Chemist: 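Following this message is one structure expressed as structure tokens.
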Amino acid sequence: MTKEEMYADIRKWKEEKNAIILAHYYQNDDIQEIADYVGDSLALAQKAAKTDAKIIVFCGVHFMAETAKILSPDKKVLLPNINAGCVMADMITAERLKAYKEKNPDTTIMVYVNSTAEVKALSDVCVTSSNALKIIDHYQKEGKKILYCPDQNLGKYAMKLKGYKFDVWPGFCRIHHNLDCGMVERMKEKYPNASFVAHPECQLEVLEMADYVGSTKQLIEYVTASDKKEFIVGTEQGVLYEMKKRNPDKTFIPLSKTLLCGQMKMTTLKHLYECLKNETNEIFVEENIRIKAKNCLDKMLELS
Ligand code: 13P
Ligand code: SF4
């Protein structure tokens, strides 16, 4: 089957079944092309919370589809490749977080959206890369003790930027964490006129070399609004699809060839096709966990 034939069936089934396809910016280009809506973690969660569709096909990783189910329990939420997880989300478990909470009963648990429903259910407020600084500000101004989990890099970046002090969990995203200052220096030498933009999951030293730090959506908006013509991009290469689409006259260079998330790239057009056709890989969240996790997500949506 050709790509166009697959697209034609997908469009027909979407109509017949009242389904919406949501995709993250790190998805393969052919998925982003057919999706109804492409976004960062926050925008996708907001879209999932508001949609009237009966079926949400979530082209992303497990925690994203789970977040959609938590916010929209009456919808059928499908994950085209059920094995697509997030390495960082697996770096914290409910058991370990419970143990932390027992030792630190008066600490506010701030959880990055890259986490399981069980971990969210134990947390006070959720954040994403696009609203973390704002939400950290809110709790710091109230004088609250905070644990930021599981991404140490965004936590350390917020502390440095704002002069705050709080606990961070030692988790990280391998793809972003592996970037180093030497890579940035070499690329800046090679492309002296380029701006360097980076995702806050990179290490602090790398972020300090960036002209702009933001979520996937914020990075896309920044390069689009900028007068510059060349950009070195410090995040997963999937964002280049939307950057190039919005800015055909600009050049985008990945900071490293290693900037590929194997989990995000696991979902192919064939997975999407089969998933929508057969309505397979449905995501379920146990109701008592869902209600607690929803409180944590609602708090984020309220403060965003
Ligand atoms: P965004 O919320 O910026 O889209 O990031 C999601 C993610 O997994 C980054 O690695
Ligand atoms: Fe998780 Fe990193 Fe992939 Fe984002 S890029 S989904 S944090 S493994």
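Fair warning: this is a prediction, and the values are worked out from it, not measured in the lab. Ligands are counted one by one from 1 in listed order, and the atoms in each one are counted from 1 as well.
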Chemist: Need the ligand 1 atom indices (1-based, order shown) with element for anything under 4.0 Å from a heavy-atom of S215.
Modeler: 3 (O)
Chemist: Any N/O/S atom, backbone or side chain, of C86 lying under 2.8 Å from atom 1 (Fe) of ligand 2?
Modeler: yes
Chemist: At under 4.0 Å between heavy atoms, which part of Q263 makes contact with ligand 2: side chain, backbone, both or neither?
Modeler: neither
Chemist: Would you say the side chain of V233 lies within less than 4.5 Å of the side chain of L255, judging by non-hydrogen atoms?
Modeler: no
Chemist: Please lay out, stage by stage, how Y100 and D167 fare under the test side chain to side chain donor-acceptor pair (under 3.5 Å).
Modeler: CA-CA 11 Å; Y100 175 94; D167 280 358; 2.6 Å; yes
Chemist: Can a non-hydrogen atom of Y26 be found less than 4.0 Å from any atom of ligand 1?
Modeler: yes
Chemist: What protein heavy atom lies closest to atom 3 (Fe) of ligand 2? Include the residue and the distance to one decimal.
Modeler: C261 SG, 2.4 Å
Chemist: Which atoms from ligand 1 have a heavy atom of N114 less than 4.0 Å away?
Modeler: 7 (C), 8 (O)
Chemist: Hey, are the side chains of M110 and I135 touching, using non-hydrogen atoms and a 4.5 Å cut-off?
Modeler: yes
Chemist: Please confirm whether E201 approaches ligand 2 to less than 4.0 Å, judged on its heavy atoms.
Modeler: yes
Chemist: Do the charged groups of D137 and K162 touch, with an N to O distance under 4.0 Å?
Modeler: yes
Chemist: N/O of T216 under 3.5 Å from N/O of ligand 1, yes or no?
Modeler: yes
Chemist: Do M266 and V57 land in one hydrophobic cluster if side-chain heavy atoms of ILVMFWY residues count as linked below 4.5 Å?
Modeler: no
Chemist: Could you tell me if the side chain of Y157 sits less than 4.5 Å from the side chain of E208, heavy atoms only?
Modeler: no
Chemist: Identify whether L260 and L240 are in the same connected component of the hydrophobic contact network (ILVMFWY, side-chain heavy atoms under 4.5 Å).
Modeler: no
Chemist: Please write down residue, atom name and distance for the protein heavy atom closest to atom 2 (Fe) of ligand 2.
Modeler: C173 SG, 2.3 Å
Chemist: For ligand 1, which is the ligand I care about here, please tell me if S129 has any N or O atom under 3.5 Å from one of the ligand's N or O atoms.
Modeler: yes
Chemist: From the options E201, M88, H24, select the one whose nearest heavy atom is closest to atom 4 (O) of ligand 1.
Modeler: H24
Chemist: Is K47 close enough and on-axis enough to Y37, meaning under 6.0 Å and within 45°, for cation-pi?
Modeler: yes
